[in-house]
Amino acid sequence: MKIELLPVVKLEQLTPTIYALHLRSTYIAGTIQPGQFVNIKVQQSNYPLLRRPFSVASKEDDTITIIFDVVGEGTHILSKKEPGDVIDVLGPLGHPFTMPGRGSIPVLVAGGLGMAPMPILTQTLADHGITDVVTFLGARSKDSLIDYKLKNVHFATDDNSKGFHGTVVALLDAWLDSVKAGKVTVYACGPNPMLRALQSALRKRSVGGQVSLECVMACGVGLCQGCPVASVKGDKKYELVCKDGPVFDIHSVII
Amino acid sequence: MKIELLPVVKLEQLTPTIYALHLRSTYIAGTIQPGQFVNIKVQQSNYPLLRRPFSVASKEDDTITIIFDVVGEGTHILSKKEPGDVIDVLGPLGHPFTMPGRGSIPVLVAGGLGMAPMPILTQTLADHGITDVVTFLGARSKDSLIDYKLKNVHFATDDNSKGFHGTVVALLDAWLDSVKAGKVTVYACGPNPMLRALQSALRKRSVGGQVSLECVMACGVGLCQGCPVASVKGDKKYELVCKDGPVFDIHSVII
Amino acid sequence: MTDISTDFTLGSMVCRNRVWVASGTFGYGDECPDLVDVNKIGAVITKSLSLKPRDGNPPPRIVETPGGMINSIGLANIGLQRFLEEKAPFLRALNTAVIVNIAASTIEEYKEVLGRIEEADCCDGYEINVSCPNVKEGGLSFGTNISMTAEITRVLRPLTSKPLIVKLTPNVTSVSEFARAVQDEGADAVSLINTLIGMSVDVKTRRPKISTTTGGLSGPAIRPVALAKVYEVVKSVTIPVIGIGGITCANDALEFFITGAAAVEIGTANYIDPNIAVTIADDIEQYCRNNGINDVADIIGTLQTDQTISVVKSWL
Amino acid sequence: MTDISTDFTLGSMVCRNRVWVASGTFGYGDECPDLVDVNKIGAVITKSLSLKPRDGNPPPRIVETPGGMINSIGLANIGLQRFLEEKAPFLRALNTAVIVNIAASTIEEYKEVLGRIEEADCCDGYEINVSCPNVKEGGLSFGTNISMTAEITRVLRPLTSKPLIVKLTPNVTSVSEFARAVQDEGADAVSLINTLIGMSVDVKTRRPKISTTTGGLSGPAIRPVALAKVYEVVKSVTIPVIGIGGITCANDALEFFITGAAAVEIGTANYIDPNIAVTIADDIEQYCRNNGINDVADIIGTLQTDQTISVVKSWL
Ligand SMILES: Cc1cc2nc3c(=O)[nH]c(=O)nc-3n(C[C@H](O)[C@H](O)[C@H](O)COP(=O)(O)OP(=O)(O)OC[C@H]3O[C@@H](n4cnc5c(N)ncnc54)[C@H](O)[C@@H]3O)c2cc1C
Ligand SMILES: Cc1cc2nc3c(=O)[nH]c(=O)nc-3n(C[C@H](O)[C@H](O)[C@H](O)COP(=O)(O)OP(=O)(O)OC[C@H]3O[C@@H](n4cnc5c(N)ncnc54)[C@H](O)[C@@H]3O)c2cc1C
Ligand SMILES: Cc1cc2nc3c(=O)[nH]c(=O)nc-3n(C[C@H](O)[C@H](O)[C@H](O)COP(=O)(O)O)c2cc1C
Ligand SMILES: Cc1cc2nc3c(=O)[nH]c(=O)nc-3n(C[C@H](O)[C@H](O)[C@H](O)COP(=O)(O)O)c2cc1C
Ligand code: FES
Ligand code: FES
């Protein structure tokens, strides 16, 4: 990990509130693994005070991309960046997704902006020769379904504006009827309520997988102990999302 | 006085750090008097917390102009504004310059950004048919001599890069040798050390005048009592720069 | 706009809403008639009034800090006499609650000021600023001494039947003990917090940034401290608690209401927008409408805390 | 770069510079070797260590506030045993001063932890975190009780000849009384401030934003409070005062030095840049060079206050 001032290559607006920010970093592009994140100081002043964590969504040559939704002051400031600006980025951080066992089909399950780590995961799976991914993407409505660089996507929307009418977990669950439990590895990211539903759906079917968690972070590197998630494995009551995660065995954490 | 969201008409860069910001306000342009100021919230967030006071430097039709130097976070943010942005402005505020007595020549004396209220004063004097103004403008170096819309300007620089080599007060003092004390009214604005020198120079010659003061302000409207200046007139020990000033009789205040 | 109950009654004082303006941040209510309809404010609290006029401290009196500001105004005020002559008529004519805030350096001065205002009958209630130097105790602040704070309350209580609000300083170990003490002496409410003691230095000149070296820190920076103090006091008294500190918007005010404040006072935020109290009151009404709440009172003290983990609380 | 004296000696501990990292904000010094050359930090202060490992508090443990953050980590730490096994060797090998910060819930626990670290001889000094719940007193914080704070110092003092620094809490009426008390018991220095008690509420859920309701406020927002407390303590003790609170850059650190701090600790700012202490130390050296100062010590306590107006000070 390093702290670098990265030049903005491009800011792409994907929806009224969702953007893809492309930054140049030979170092991060060369070392990033899917599921890892970067911690961004959105501007030089002390406001906002803390860095903001974002999954690296994809990489191409010396460029990395983050996809973000404007939810507060920090992401608002990011949404005003333009080529010529530089941004203070710390990364890559955290524990990545690992490749599925031989013969296991990777099933990517994302809710809303939980899609962020999926493009680079898809890319990395392909680099490992694994191209039979199945992706399930859910959102409130079709306007927030971002299928940026995703493959073989099944959509679900709460408002029935695209694809399956219902949650992405319900859609996945129905689909799992058609496959053997041992044959798939789930990769998931999304809001906690969705992840809890997913956990119990998978547990019933004894399907395993990996989940990328989000939580408020102060440092992103293990200094503050501010990002615990309760764990059912090992002797520690809590693991740290920033250092031990953000990717965990989906059945090891109490979300 | 009102609080308005004013559209940015244009941001002009006058020097590497000094800008002229043109804002559209029919109301302020219609009511502003020379020496009055506006109090600006540089952006919508709570950072920076307080408004920043700026003299109105000139007006044209429905547009007012402020001239500012980038000295800190607030002015830095202002220097990034562009047409299409709106800025939260409270004004017009404060006690203005008053017109000189009949037959008295207005002598405008400014140090650095103290020139800010002088263009509109020049303009207003002309509107009153007074065109024989003499302006003395001093700065550290020629790069910070802003003679935007000033008339009949005598320059002074500390580093001898333009005009008189020395302070603007020394230049004025020499010039005053050639005029009768009762024949001029001084209008001054600038850093406090300059204003103190000016005060004593004028006192020696029994020349009167008006001075526009600066100080840190929290409210700009008399609510906080945060902007006192010691006064030698009246029964109050202090006057408020924002409400009783910023323009004072130059011999009434202890700067 | 009349569907939501926003009013708040404290003894004989009826306020149209629970969003007030804090002492020292709104002058005597007559400063910016162009910018604000004062009658829409829940209660106008005047700048602290002392018996004699006070010039206040030398400049500089204020400095901005991260998320806040430090002030050392020195309680500049026009004094009782001029207040009664110049301000009382305006305040009496207002169609909203008026609270006179009183500061003093002796118990006798508190009594005299309150007594004379009571005679003039120009307000609906009193707020007592106890964060003042007690000249008889070498300038130690009344407000950091629990028996002095109690005594001020005790001697003032019989002088008025109007609500008596004691404004507490946060610069003490246990503000709830002070709250209980003034409750026991008959205060109708407590308001908190006054400013935290703060300081800032100009590195270039090696001088403090305000003339008196230390001053009072206010603004959003102190909101978490204010909220924690209100939480502490709400749990330990039965009289209403008025929350003050760093409130800039309806959301901030709601944090205080949820925590248990019966009303809030807006301070520093008035400097950015003198109409902010009215805006916040309106926004809270709208919040109630949007959330099916009929009375702002129904929000108060609705904080959901997890009691099972409160034992670990003092470990940070 | 060797022209400026930056070092600071406290008893037997020699620090290469006066910019340290604060407890709880730098782990055990081994967390980000990629980002910082730990040996360039003036002193590394470890996360508070307790006798037994502590899991810490449930999430959420942190929330950002205006200019600051609230935390309630619950003193999550690996406990003495694992510390000695896993961290002590690394710390002993460091080529800079190492200060172990100790937290405990009984006097006996303080003694045992300090005693066992002393045996292991793996540090250059101790910082005692007294902002801990005293289980024998129903969880009241040691640090808000002057006699408990003094007693901790008294019982620990004979156990070590290394410097003993007592870290004071700001959540008291008069922090200088605490400083004097620990000075009288033989503390080599005091450090302050620990966090202010703060709170924040999620208006949507009506729940506190951290699981334990209140937590510790840190960051630039509290810098004015920290500086005022340091000023108060510097005037009343003769032992060195270590300044802590909201320092993010050399200018901030210089405010503390000018006010009289002998060294500073960087806390929250490490989360934004773990190398910030080194940068600040370098920038201060550069500042000295630019201003013809040969020794950082020459800046300390150079504050110019106007004595003639200090009488009006307590009127805000
Ligand atoms: C490992 C990790 C990866 C992430 N990846 C992405 C990503 O690729 N794209 C993306 O848009 N977002 C991502 N997030 C969430 C992102 O960090 C927050 O949206 C962002 O910090 C909000 O900053 P803000 O200043 O705009 O909002 P704030 O003003 O800080 O907060 C606005 C709202 O968002 C909530 N929020 C703030 N921070 C977080 C957080 N860390 N997690 C969850 N909720 C939060 C707040 O509680 C508040 O309700 C990720 C978070 C983590 C921990
Ligand atoms: C009535 C009045 C009229 C003014 N007119 C102009 C003008 O026309 N053009 C212009 O460029 N500036 C003017 N100023 C000064 C201007 O308000 C400050 O430069 C501005 O507030 C700085 O904001 P900042 O956030 O960039 O700097 P900050 O980060 O707030 O401060 C940077 C530096 O500037 C100093 N400073 C801050 N505010 C003031 C102030 N109000 N007066 C003096 N020094 C200050 C600070 O002490 C600090 O050293 C005026 C001030 C007043 C009171
Ligand atoms: C410039 C200024 C002057 C103040 N004057 C007084 C005062 O005269 N009497 C008083 O009781 N409080 C006074 N206060 C304190 C405020 O009423 C309020 O308690 C404090 O500022 C915290 O609220 P805030 O963070 O919303 O400003 C003053 C505050 C400021 C900033
Ligand atoms: C997340 C966090 C954890 C902390 N943990 C400890 C601790 O274990 N022991 C301690 O003495 N202080 C602890 N502190 C307090 C800091 O050391 C420091 O005193 C305080 O944060 C003020 O400094 P700052 O504003 O620079 O952060 C912690 C602070 C934070 C923010
Ligand atoms: S965010 Fe600091 S330890 Fe994880
Ligand atoms: S700036 Fe508030 S009274 Fe002048």
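Reminder, nothing fancy here: chain letters follow the sequence lines and each chain counts from 1.
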**Request:** Mark yes or no for whether N77(D), through its side chain, and L75(D), through its backbone, hold a donor-acceptor pair below 3.5 Å.
**Result:**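 A pair under 3.5 Å: yes.
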Regarding [X] and [Y], is there a side-chain donor-to-acceptor distance under 3.5 Å anywhere?
{"X": "E127(D)", "Y": "S23(D)", "answer": "no"}
{"X": "E255(D)", "Y": "T259(D)", "answer": "no"}
{"X": "D143(A)", "Y": "T15(A)", "answer": "no"}

**Interchain contact, P60(D) with chain A, by part (heavy-atom threshold 4.5 Å)** = neither
**Prompt:** Can you say whether T65(D) sits under 4.5 Å from chain A via the side chain, the backbone, both, or neither, judging by heavy atoms?
**Reply:**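 No part of T65(D) comes within 4.5 Å of chain A.
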**Residue selection (most heavy-atom pairs with chain A, distance under 4.5 Å) from N270(D), N71(D), T248(D), T268(D)** =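 Option with the top pair count is T248(D).
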Against chain D, label [X] side chain, backbone, both or neither, depending on which of its atoms sit under 4.5 Å from a heavy atom there.
{"X": "C224(A)", "value": "both"}
{"X": "K41(A)", "value": "side chain"}
{"X": "Y238(A)", "value": "side chain"}
{"X": "L90(A)", "value": "side chain"}

**Asked** Mind checking whether Y187(A) and F97(A) have parallel, tilted or perpendicular rings, split at 30° and 60°?
**Response**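 It falls in the perpendicular class, over 60°.
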**Message:** Taking every non-hydrogen pair under 4.5 Å, which of K2(A), R51(A), M217(A), K243(A) racks up the most with chain D?
**Reply:** R51(A)
**Prompt:** Does atom CD1 of I197(D) have more than 12 heavy-atom neighbours from other groups under 6.0 Å away?
**Reply:**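 No, the 6.0 Å shell around CD1 holds no more than 12 heavy atoms from other groups.
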